[in-house]
Amino acid sequence: MTVLGVIADDFTGATDVASMLVRAGMRTVQVMGVPEGSPPKADAVVVALKSRTTPAAQAVADSLAALRWLQVAGARQFYFKYCSTFDSTPAGNIGPVAEALLEALDSDFTIACPAFPENGRTVFRGHLFVGDQLLSDSGMRQHPLTPMTDANLVRVLQAQSRGRVGLVSYDTVGQGVQAVRDCVARLRAEGVRLAVADAIDNEDLRTLAAACAELPLITAGSGVALGLPAVYAARGWIRPDAQAAVLPAVGGAAAVLSGSCSGATHAQVQHWIEAGRPALRIDARELAQGRPVAAQALAWARDRLAGQPVLIYATALPEEVRTIQAELGAERAGASVEQCLATIAQGLVEAGVRRLVVAGGETSGAVVKALGVQQLRIGAPIDPGVPWTQAEGRPLLLALKSGNFGSIDFFSKALGQVA
């Protein structure tokens with residue numbers, strides 16, 4: 001029977017949280033989009049939606065559909081997973097989805113904690129830090145789709161929510177599980193519905209996981225999931241499996257596709273290029289002009305795949321992205337690049353690519369859909385939050401990377417692990 005049902009607001013975020021569960025021995029399966037049919041057999045089932053930037057009403061509808069399906073699977077607890085940078089549109093979708101899930105579960109309270117210290121995301125006094133910077137001073141301030149200009153998560157979440165938003169402060173978390181439970185009881189009595197929870201290290205995440213084990217719903221980044229398997233094991237709900245993250249070896253050619261324009265991904269692209277590895281950039285302007293960009297990129301790649309992995313990318317600096325968006329429109333520019341990279345992914349797999357790294361949440365969603373992947377088995381992490389995965393029933397390995405995650409040598413490191 002499934003113990004944990006996870007609803008993730010994008011595809012890379014789904015593999016991120018699944019990776020945290022697998023590394024602690026939970027057998028985990030990820031499914032793509034609003035699911036249909038019978039749920040898979042696993043300790044945890046992660047539903048990967050593409051709801052971060054959709055209209056709030058659609059995000060709520062998709063999330064509720066995923067919840068109903070996970071309830072059929074028998075999940076004992078539910079987890080709404082969003083990005084560790086808490087990014088969404090001004091109207092949501094974190095607040096609206098969280099409140100809708102609470103109502104559907106007949107519950108009146110949950111926490112909100114995007115902290116992921118292993119990747120430099122910490123929450124202190126309700127403010128989100130990216131490394132040593134406030135979120136509002138980080139590269140997320142210039143994100144092309146979901147810019148974040150306020151690091152005060154209580155304020156950000158309150159603007160999206162109908163109910164009151166409170167805070168479980170670091171002082172309370174540092175006192176341990178019972179102190180957090182007592183704080184939750186006080187907040188509930190005061191009519192607080194959602195509470196941002198501070199966390200600056202993994203011990204804080206474990207404390208929150210244990211303190212919130214009785215809540216029907218947890219909302220968080222992937223970090224809080226780190227502590228849940230131990231809670232479930234102590235209750236006898238799961239038996240940790242040391243082989244949970246083992247994937248079969250897959251031969252064949254390898255490639256990298258990058259649509260993310262985050263600072264971290266831009267550095268990873270530049271590192272690949274500076275190492276002298278083959279790379280080709282696609283331009284949204286050429287797509288808008290109707291040029292056969294995908295066909296040209298595939299012809300270029302086929303000539304090189306037998307030698308070494310190739311990189312095809314649309315990654316650019318923020319100022320260039322803004323210029324292109326001004327010329328073409330943000331939605332048109334983004335959609336055309338996603339579709340082009342998805343078409344290229346299809347052609348690469350047809351050409352024998354069996355190991356594919358994809359950078360960017362929106363790009364990953366488009367690629368997985370184009371490849372017809374319905375389920376993923378989750379493997380070991382390459383870097384925190386980014387595991388290798390296997391398309392269920394197919395000799396195809398995918399590494400779906402959030403734009404902000406991974407070391408500067410992530411692309412070569414990932415492919416080196418499965419060479």
Side-chain angles (χ1 to χ4, degrees), residues 2 4-18 28-40 42 44-75 77-107 110 112 114 145-146 157 160-163 194 216-222 225 331 334-335 338-339 342 358 360-376 389 392 400 402:
T2 298
L4 181 65
V6 182
I7 301 166
D9 69 356
D10 81 344
F11 284 50
T12 56
T15 57
D16 173 11
V17 68
T28 304
V29 174
Q30 179 175 326
V31 298
M32 305 302 171
V34 178
E36 299 177 353
S38 300
V45 178
V46 181
V47 177
L49 301 178
K50 195 177 180 183
S51 58
R52 183 173 302 168
T53 56
T54 59
Q58 185 63 52
V60 167
D62 289 347
S63 299
L64 290 175
L67 173 66
R68 290 189 291 270
W69 186 80
L70 289 167
Q71 287 175 313
V72 171
Q77 190 171 40
F78 301 91
Y79 194 110
F80 171 37
K81 195 277 175 190
Y82 37 75
C83 187
S84 62
T85 47
F86 212 68
D87 57 305
S88 60
T89 64
N93 293 328
I94 295 173
V97 170
E99 290 189 315
L101 294 174
L102 279 175
E103 290 173 5
L105 291 167
D106 196 24
S107 183
T110 188
L145 295 177
T146 53
L157 188 56
Q160 301 178 7
S161 307
R162 290 177 284 111
L194 300 166
L217 174 70
I218 293 174
T219 88
S222 63
E331 185 173 346
E338 287 174 28
Q339 185 54 54
V358 187
E362 300 297 319
T363 306
S364 293
V367 165
V368 167
K369 182 178 180 180
L371 295 177
V373 176
Q374 299 297 315
Q375 291 187 19
L376 292 174
T389 71
E392 191 67 36
L400 308 176
S402 170

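We number each residue from 1, following the sequence as shown.
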| Does the pair V60 and E99 meet the rule for a side-chain contact (heavy atoms from CB on, under 4.5 Å), with working shown? | CA-CA 9 Å; V60 167; E99 290 189 315; over 6 Å; no

| request: Apply side-chain contact (heavy atoms from CB on, under 4.5 Å) to L67 and L105, showing your working. | output: CA-CA 9 Å; L67 173 66; L105 291 167; 4.0 Å; yes

| query | Could you go step by step and tell me if T219 and Y82 meet the side-chain hydrogen bond (donor to acceptor under 3.5 Å, both in side chains) rule? | reply | CA-CA 8 Å; T219 88; Y82 37 75; 2.9 Å; yes

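The side-chain hydrogen bond (donor to acceptor under 3.5 Å, both in side chains) test applied to E103 returns R162, R193, not counting sequence neighbours. In this structure, T389 has no side-chain hydrogen bond (donor to acceptor under 3.5 Å, both in side chains) partners at least two apart in sequence or on a different chain. Here K50 pairs with E338, E362 under the salt bridge (charged side-chain N to carboxylate O under 4.0 Å, His left out) rule; sequence neighbours left out.
For A14 against A48, the heavy-atom pair with the smallest separation is CB-CB, 3.5 Å. Smallest separation of non-hydrogen atoms from Y79 and L217: N-CD1, 4.2 Å. Annotation for A75 and G5: closest pair CB-N, 3.7 Å, computed over non-hydrogen atoms. Nearest heavy atom pair, residue V29 against residue P40, reads CG1-CG, 3.8 Å. When all heavy atoms are compared, the tightest approach of S364 to T12 is OG-CG2, 3.3 Å. Residues V373 and M32 approach most closely at O-CG, 3.3 Å, considering heavy atoms.
With Q375 contributing its side chain and Q30 its backbone, the two residues share no donor-acceptor pair below 3.5 Å. A donor-acceptor contact shorter than 3.5 Å is absent between the side chain of W69 and the backbone of V47. When atom types are taken as modelled, the side chain of N93 and the backbone of S51 share a donor-acceptor pair closer than 3.5 angstrom.
When side chains are defined from C-beta on, P114 does not count as touching T85, because their heavy atoms never get closer than 4.5 Å. Counting only heavy atoms from C-beta outward, the side chains of T110 and L194 approach each other to under 4.5 Å.
In this structure, CG on D9 lies 7.0 Å from CD1 on I94, to the nearest 0.5 angstrom.
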